[in-house]
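Following: one structure in structure tokens, then a few remarks.
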Amino acid sequence: MSGATSAPGLVSVVVRLKLSLLRNGLRQSGGRRAAYAASAGFTLLFAALQLTGLIALRGHAHAESVVVLLVAVLGLGWAVMPLFFPGGDETLDPTRLVMLPLRPRPLVRALLAASLVGIGPLFTMLMLVGSVVAVAHGAAAYVVAVVAVVLGLLVCVALARAVATANVRLLTSRRGRDLAVLSGLVIAVGAQVVNFGAQRLGTTGLGQLDPVADVLRWLPPASAVGAVDSVSEGAYAVAAAQLALSAGALAGLVGVWARSLTRLMTSPDGSTLRTAERDTPDRRGTAGWTRLLPGGRTGTVMERGLRYVWRDPKTKAAWVTSLAIGLIVPVFNALQGTGSPYFACFAAGMLGIQMYNQFGQDTSAFWMVAMTISSSRDAYVELRARALALLVIALPYTTLVTVVTTALLGDWPKLPEVLGLSLALLGAMLTTGAWTSARFPYSIPQEGYKNVAPGQTGLAWISVVGGMVSAALLCAPVIALTIWLNVSAGGDAWSWLLLPGGAAYGTALTLLGLRLAAPRVAERLPEILTAVSKG
């Protein structure tokens, strides 16, 4: 492709390239075609339902507030998705075009046009169409609505491309992919915030959105939809100002995108280089906490497990998600006034899941661990150290979540029994986790976002679901005792015994589970190694 290629010609070439890459990717396997068709069908169905709902808002007193907030959320989603899912659209990675003699401005226009091809832009366009229809009244408003839909869509796409290009060196590096672990936290928090907001709106009405919408209607891309409402009300000067804000935002984003693209395609990649100055403090920082670990094999295995949590992207993602959900579920329900102290058991349950498939996180490196296991005793020490590494985080975290939940609810008498029940549940999950790790190991692919290697989904379901059901059955005695003390006369006076009782029961279960799982690990080392190395 020569430098003299015209802009329209370049746009056509890049769009056809995008379509060809998409088509060729779908030709690779029937499973990929089925997954793409299913996701596209679900997205379009959801978009159609949303479009119908937005049109039904037409004439509602607070329709403008709803659609302005919706478009603002769409813009936010386009801004953050490139950071959380950097591999979502590899066809638009500008580093693939570095060696071609292309000028930034024509390339920006071509990439912007290619960005409009896909399910995401179609979904956004349908949301924008529904939003403007909900607030448009009169011929002038519909004319402005056409402009608003185009501006809103282009602002969203340009925002995503500008963010992705400015951070592409980071997002394509190994360390930079760790940003994706925040997606679990954001999704968990966002889901609870939406749930909390929906409940508040259900009791207080849509009028609660008006103050927020009054601010957002001046922020692109929501300002484009706000302009349609302003024209409907006869405020033409306000509408012109809002359209100007959206157009100015589009021009600014394109300019930032072009400068980032020029810098990206003309400067060396130093994002993954680490200087000696960075390395030295990091090593000094980790030397201190390792001295607190026990000596011998136990300390070595614990250190390895904790380093996995900090350094391995897949392990870190699982831990961040578990920590977030374990705190959010009880705390948000307590803040809504619908919670219970027993919701704090979510913390123990979410972290107990990390004990499942212990050897899978080692992947093919498990052969080095397998070489050090020659007896049931070696396997027992290995499993015990892995459980201790998990408990280093799980015990204080479970205690903290339980205390915070009971404090928010003001139900301090329930603290001992809830904490005791949580500790018993944690012990039961450590027990079943050790057993299923030995009996149903599976591989975790290092690349992409899949957590199970192809062909091992059944093993994963058996391991996690079967283990969780077994853990619940193992906790039945403590659960029954808790219920009995709560319903019997005078039982409250003895409920504090559930704390030491639950802790002792959980400890006994853990030790028993490790003892039973260790011989199985020693006997099945070759099968475990084959299973975890499959991906």
Side-chain angles (χ1 to χ4, degrees), residues 192 292 294 319 322-356 384 386-435 467-516:
Q192 290 298 323
L292 300 176
W319 272 89
S322 295
L323 290 170
I325 296 177
L327 176 65
I328 288 171
V329 169
V331 168
F332 269 67
N333 280 279
L335 291 174
Q336 295 175 39
T338 59
S340 166
Y342 296 102
F343 280 14
C345 294
F346 263 94
M350 293 304 300
L351 293 193
I353 293 176
Q354 304 308 314
M355 187 64 186
Y356 292 80
R384 184 185 63 186
R386 291 175 183 249
L388 288 173
L390 189 149
L391 289 173
V392 167
I393 302 174
L395 285 179
Y397 178 78
T398 300
T399 304
L400 174 64
V401 172
T402 306
V403 171
V404 170
T405 304
T406 52
L408 290 174
L409 294 171
D411 198 358
W412 289 107
K414 293 290 186 183
L415 177 61
E417 60 185 85
V418 173
L419 185 55
L421 185 59
S422 295
L423 295 178
L425 176 61
L426 183 60
M429 297 198 74
L430 291 177
T431 298
T432 56
W435 175 260
M468 292 174 65
V469 172
S470 300
L473 294 175
L474 289 174
C475 283
V478 180
I479 296 174
L481 180 60
T482 302
I483 296 174
W484 181 77
L485 289 175
N486 277 275
V487 300
S488 62
D492 291 343
W494 299 98
S495 62
W496 64 272
L497 290 175
L498 287 170
L499 176 55
Y505 185 75
T507 302
L509 280 180
T510 302
L511 294 176
L512 178 61
L514 296 177
R515 290 288 184 186
L516 294 176

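All residue numbers refer to positions in the sequence shown, counting from 1. Computed over heavy atoms, backbone and side chain alike; hydrogens, waters and symmetry mates excluded. Fair warning: this is a prediction, and the values are worked out from it, not measured in the lab.
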Q) Is there a side-chain contact between Asn333 and Val329 (heavy atoms, below 4.5 Å)? A) yes
Q: Hey, could you give me the CG/SG distance between Leu426 and Cys345, rounded to the nearest 0.5 Å?
A: 10.5 Å
Q. Looking at OG1 of Thr431 and CG of Leu516, how far apart are the two atoms once the value is rounded to the nearest 0.5 Å?
A. 8.5 Å
Q: State, to 0.1 Å, how close Leu474 and Ala428 come at their nearest heavy-atom pair, and which atoms those are.
A: CB-CB, 4.1 Å
Q | Atom pair CG/CZ of Leu327 and Phe332 - distance to nearest 0.5 Å | A | 8.5 Å
Q. For Ala347, does its backbone N or O pair with a side-chain atom of Tyr397 as donor and acceptor, under 3.5 Å?
A. no
Which donor-acceptor pairs under 3.5 Å do side chains of residues 386-393 form with protein atoms, sequence neighbours excluded?
from	atom 1	to	atom 2	distance (Å)
Arg386	NE	Glu382	OE2	2.8
Arg386	NH1	Gln358	O	3.0
Arg386	NH2	Asp362	OD2	2.7
Arg386	NH2	Glu382	OE2	2.9

Q.
Going by side-chain contact (heavy atoms from CB on, under 4.5 Å), name the residues that satisfy it together with Ser322, two or more places apart in sequence or in a different chain.
A. Met350, Leu351, Gln354
Q.
Test of understanding: with side-chain hydrogen bond (donor to acceptor under 3.5 Å, both in side chains), list the residues that count as partners of Thr432, not counting sequence neighbours.
A. Tyr356
**Q.** Side chain to side chain, Met468 and Ile353, heavy atoms closer than 4.5 Å
**A.** yes
(Q) Could you walk me through whether Val404 and Val331 satisfy the side chain to side chain contact (heavy atoms under 4.5 Å, CB included) test, starting with their C-alpha distance in whole Å, then the side-chain angles of each, then the deciding distance to 0.1 Å, before giving a yes or no? (A) CA-CA 8 Å; Val404 170; Val331 168; 4.0 Å; yes
Q: Check side-chain hydrogen bond (donor to acceptor under 3.5 Å, both in side chains) between Thr510 and all other residues, then give those that pass, not counting sequence neighbours.
A: none
Q | For the student: nearest non-hydrogen atoms of Ala348 and Leu425, plus distance | A | CB-CD2, 4.4 Å
Q.
Can you pull out every side-chain hydrogen bond (donor to acceptor under 3.5 Å, both in side chains) where at least one residue sits in residues 407-430? Sequence neighbours excluded, please.
A. Tyr342-Glu417, Lys414-Asn486, Glu417-Asn486
Donor-acceptor contacts, no H, no angles, side chain residues 494-501, under 3.5 Å, sequence neighbours left out:
from	atom 1	to	atom 2	distance (Å)
Ser495	OG	Asp492	O	3.0
Trp496	NE1	Ala493	O	3.3

Q: Could you note down all residue pairs passing side-chain hydrogen bond (donor to acceptor under 3.5 Å, both in side chains) where residues 398-407 supplies at least one of them, sequence neighbours left out?
A: none
Q: Could you tell me which residues satisfy side-chain contact (heavy atoms from CB on, under 4.5 Å) with Tyr505, sequence neighbours excluded, listed by chain and number?
A: Ala424, Pro477, Val478, Leu509
**Q.** Under the side-chain contact (heavy atoms from CB on, under 4.5 Å) test, residues paired with Pro294 that sit two or more places apart
**A.** Thr298, Met302
Q) Can you list the steps and then say if Thr482 with Val418 is a side chain to side chain contact (heavy atoms under 4.5 Å, CB included)? A) CA-CA 9 Å; Thr482 302; Val418 173; over 6 Å; no
Q | Between OG1 on residue Thr507 and CG on residue Leu512, distance to nearest 0.5 Å | A | 12.5 Å
Q: Measure across Leu423 and Ala503 and return the closest heavy-atom pair with its distance rounded to 0.1 Å.
A: CD1-CB, 3.8 Å
Q | Partners meeting side-chain contact (heavy atoms from CB on, under 4.5 Å) with Ala334 (sequence neighbours left out) | A | Leu408, Leu409
